[in-house]
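As a basis for the values below, the full set of heavy atoms in this structure was taken, side chains included, without hydrogen atoms, waters or symmetry mates.
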Amino acid sequence: GFQSVKADLTLLAGQTANIPVQMQPATLQENVTVTAEIPLVNVTQTNPSGNIDPKQFSELPAEGRNWMALLLVAPGSRTTSTNQNAPIPMRGAGGDQQFFQTNIDGQQVSNELGGGRQPLVSSEMISELQFISNRFDATQGRSLGVQVNVITKSGTNRYAGSVRGNFRDSGFGYAEDPLAGKVTPFKDQQIASSFGGPIIKDKLHFFGYQDYDHNPRTGVWTTPYPLFNISKDGLVTTKQGGVRFDYQVSSKSRFMVKGDLWRNWDDWLAGGSAYPSSAATTRETGNTLNFQFT
């Protein structure tokens, strides 16, 4: 018996909004349209936090397509250009894992075994980020320092995809290494693509991606002994891929399954004041499988 009310509101990860709406009797023949935006000052939560929304994530540049570097613009972030993978307020002898927790789609996915590390995910699968520097509530995992919440992409009722390439080369005018006295050779080629859409409209959707990084690398050694001051060519390659399916069981229930693969080959030519004998090739593999019923 009341008139219709339309409210347009965009909420990012971790945001809460109170929108008071007054319903009028339908006999008045009036329409009420409510358009609200999240205020710059959050008066409902005390935790210092910032969001990287989908538009920012797709448009802001990040060196090497390292999505962690985008946290530089979040309030309270201690991230630096040389320490992009650990935006933490302090560092411990046991590494950064205890002070930096990442949740992906609400799930804690950090590796708690061995040395531990953060999730190995491609920026191609990420839709938005939330960075909480401190004072987060008990729902945010077991971090001693900061919290990063990641929301991944999913398919919609419209087919959509992307193909992108990022290329860097020392021949584009790089500066000389002040110690080696020459331009250190550097090349990096990154190719990524994604595609998603409906399998059954309004019911079953999919999203898939692939990400390839080919980085020929040259290690230059500058030891106290000229005999060891050599250069050596190597290669770092990273291959990533994954797929996600979302099934709308009912108007109140949804099931999601997502799988990701990660492969890395690194000749690890550190160079610098170490000796050439320190070079070693490593292979790393990371596979994740996540299920979620909402």
Quick one: list whatever passes salt bridge (Lys or Arg N to Asp or Glu O under 4.0 Å) with [X], sequence neighbours left out.
{"X": "Asp188", "answer": "Arg168"}
{"X": "Glu59", "answer": "Lys55"}
{"X": "Arg263", "answer": "none"}

Check: With sequence neighbours left out, which residue pairs that include part of residues 244-262 fulfil the salt bridge (charged side-chain N to carboxylate O under 4.0 Å, His left out) condition?
Finding: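 Of all non-adjacent pairs touching residues 244-262, those that pass salt bridge (charged side-chain N to carboxylate O under 4.0 Å, His left out) are Asp105-Arg244, Arg244-Asp246, Asp246-Arg254, Lys258-Asp260.
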Notebook entry, point to check: Looking only at atom types and distance, does a side-chain atom of Asn103 sit under 3.5 Å from a main-chain N or O of Gly106, one as donor and one as acceptor?
Noted result: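 Side chain of Asn103 to backbone of Gly106, a donor-acceptor pair under 3.5 Å: no, none is there.
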Just to verify, what does [X] make a side-chain contact (heavy atoms from CB on, under 4.5 Å) with, not counting sequence neighbours?
{"X": "Ala279", "answer": "Trp221, Leu269"}
{"X": "Thr237", "answer": "Tyr212, His214, Leu235, Trp265"}
{"X": "Ile200", "answer": "Lys203, Leu204"}
{"X": "Ser253", "answer": "Val249, Ser250, Phe293"}

I'd like to check the side-chain hydrogen bond (donor to acceptor under 3.5 Å, both in side chains) partners of [X]; sequence neighbours left out, ordered by chain and number.
{"X": "Asp211", "result": "Arg65, Ser122"}
{"X": "Asp169", "result": "none"}
{"X": "Asp8", "result": "none"}
{"X": "Ser194", "result": "Ser162"}

Check: Tyr174 vs Phe186 aromatic rings, parallel, tilted or perpendicular, using cut-offs 30° and 60°?
Finding: parallel
